[in-house]
Amino acid sequence: MAIKFTEDTATDLRFPYGDYREVEGNFGPQFMYTVEGGTGQTDRLYASPDLHRALQRAGVGPGSEFRITATRGDGRRRLWLVTPAVTRREP
């Protein structure tokens with residue numbers, strides 16, 4: 001299964017390895033990352049070139065955690081907000 005984003009809803013993901021593999025998708029190049037969601041289950045994230053650039057700018061690496069939100073820009077273009085995830089530590 002692959003990660004799917006709901007518009008204007010934040011999704012927290014952990015990148016256990018931080019690396020990616022470029023693959024060819026139905027609409028051109030994509031970047032496949034291994035991720036873990038809130039349940040700790042391993043999944044795949046197929047990032048568009050725009051999301052991939054946002055992840056790279058944010059400093060994705062082994063063990064990094066990000067909150068990713070998809071929004072609509074001008075017209076139908078999807079914009080990505082990638083920020084460090086807020087993790088709760090138990091005392």
Side-chain angles (χ1 to χ4, degrees):
M1 195 164 169
I3 299 292
K4 299 208 184 287
F5 293 95
T6 302
E7 199 167 294
D8 297 322
T9 301
T11 302
D12 290 339
L13 295 175
R14 181 176 180 276
F15 293 75
Y17 310 111
D19 60 353
Y20 62 90
R21 185 170 53 162
E22 188 170 349
V23 296
E24 191 63 31
N26 291 336
F27 301 104
Q30 294 180 326
F31 301 86
M32 183 180 71
Y33 291 86
T34 299
V35 296
E36 294 173 353
T39 63
Q41 296 279 47
T42 299
D43 210 337
R44 299 280 184 249
L45 168 62
Y46 292 92
S48 67
D50 288 340
L51 176 54
H52 173 69
R53 280 190 291 277
L55 287 166
Q56 294 299 303
R57 279 193 305 270
V60 67
S64 56
E65 299 180 38
F66 294 105
R67 176 164 285 169
I68 303 171
T69 308
T71 62
R72 283 287 167 201
D74 294 334
R76 297 180 50 99
R77 184 174 175 152
R78 194 172 246 192
L79 301 177
W80 298 97
L81 176 61
V82 178
T83 58
V86 177
T87 57
R88 293 186 184 170
R89 305 270 185 226
E90 295 297 323

Asks: Under 4.5 Å between any side-chain heavy atoms of L81 and T83, yes or no?
Replies: yes

Asks: Could you tell me the separation between the CD atom of E36 and the CG atom of L45, rounded to the nearest 0.5 Å?
Replies: 13.0 Å

Asks: Looking at P29 and E24, what are the two nearest heavy atoms and their distance?
Replies: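 Answer, listing the atom of P29 first, then E24: N-OE2, 3.8 Å.
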
Asks: Would you check if D50 and L79 make a side-chain contact, meaning some heavy-atom pair closer than 4.5 Å?
Replies: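 Not in contact.
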
Asks: Do W80 and T69 come within less than 4.5 Å of each other through their side chains, counting heavy atoms only?
Replies: no

Asks: List the atom pairs, with distances to 0.1 Å, where a side-chain N or O of residues 54-64 and a protein N or O form a donor-acceptor pair under 3.5 Å, not counting sequence neighbours.
Replies:
unit_1 : atom_1 : unit_2 : atom_2 : d
Q56    : NE2    : Y33    : OH     : 3.0
S64    : OG     : G61    : N      : 3.0
S64    : OG     : G61    : O      : 2.7

Asks: List the steps, then state whether side chain to side chain contact (heavy atoms under 4.5 Å, CB included) holds for Y20 with H52.
Replies: CA-CA 9 Å; Y20 62 90; H52 173 69; 3.4 Å; yes

Asks: Could you walk me through whether L13 and F66 pass the side chain to side chain contact (heavy atoms under 4.5 Å, CB included) check?
Replies: CA-CA 6 Å; L13 295 175; F66 294 105; 5.9 Å; no

Asks: Taking only distance into account, with no hydrogens and no angle test, what donor-acceptor pairs under 3.5 Å do side-chain atoms of residues 3-12 form with protein atoms, sequence neighbours excluded?
Replies:
unit_1 : atom_1 : unit_2 : atom_2 : d
E7     : OE1    : R72    : NE     : 2.9
D12    : OD1    : R67    : NE     : 2.7
D12    : OD1    : R67    : NH2    : 3.4
D12    : OD2    : R67    : NH2    : 2.8

Asks: Side chain to side chain contact (heavy atoms under 4.5 Å, CB included) for S48 and F31? Distances and angles first, verdict last.
Replies: CA-CA 7 Å; S48 67; F31 301 86; over 6 Å; no

Asks: Say you draw a straight line from CZ of R14 to CD of E65; how long is it, rounded to the nearest 0.5 Å?
Replies: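 Spacing of CZ (R14) from CD (E65) equals 6.0 Å.
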
Asks: So, R44 versus T34: side-chain donor-acceptor pair below 3.5 Å or not?
Replies: yes

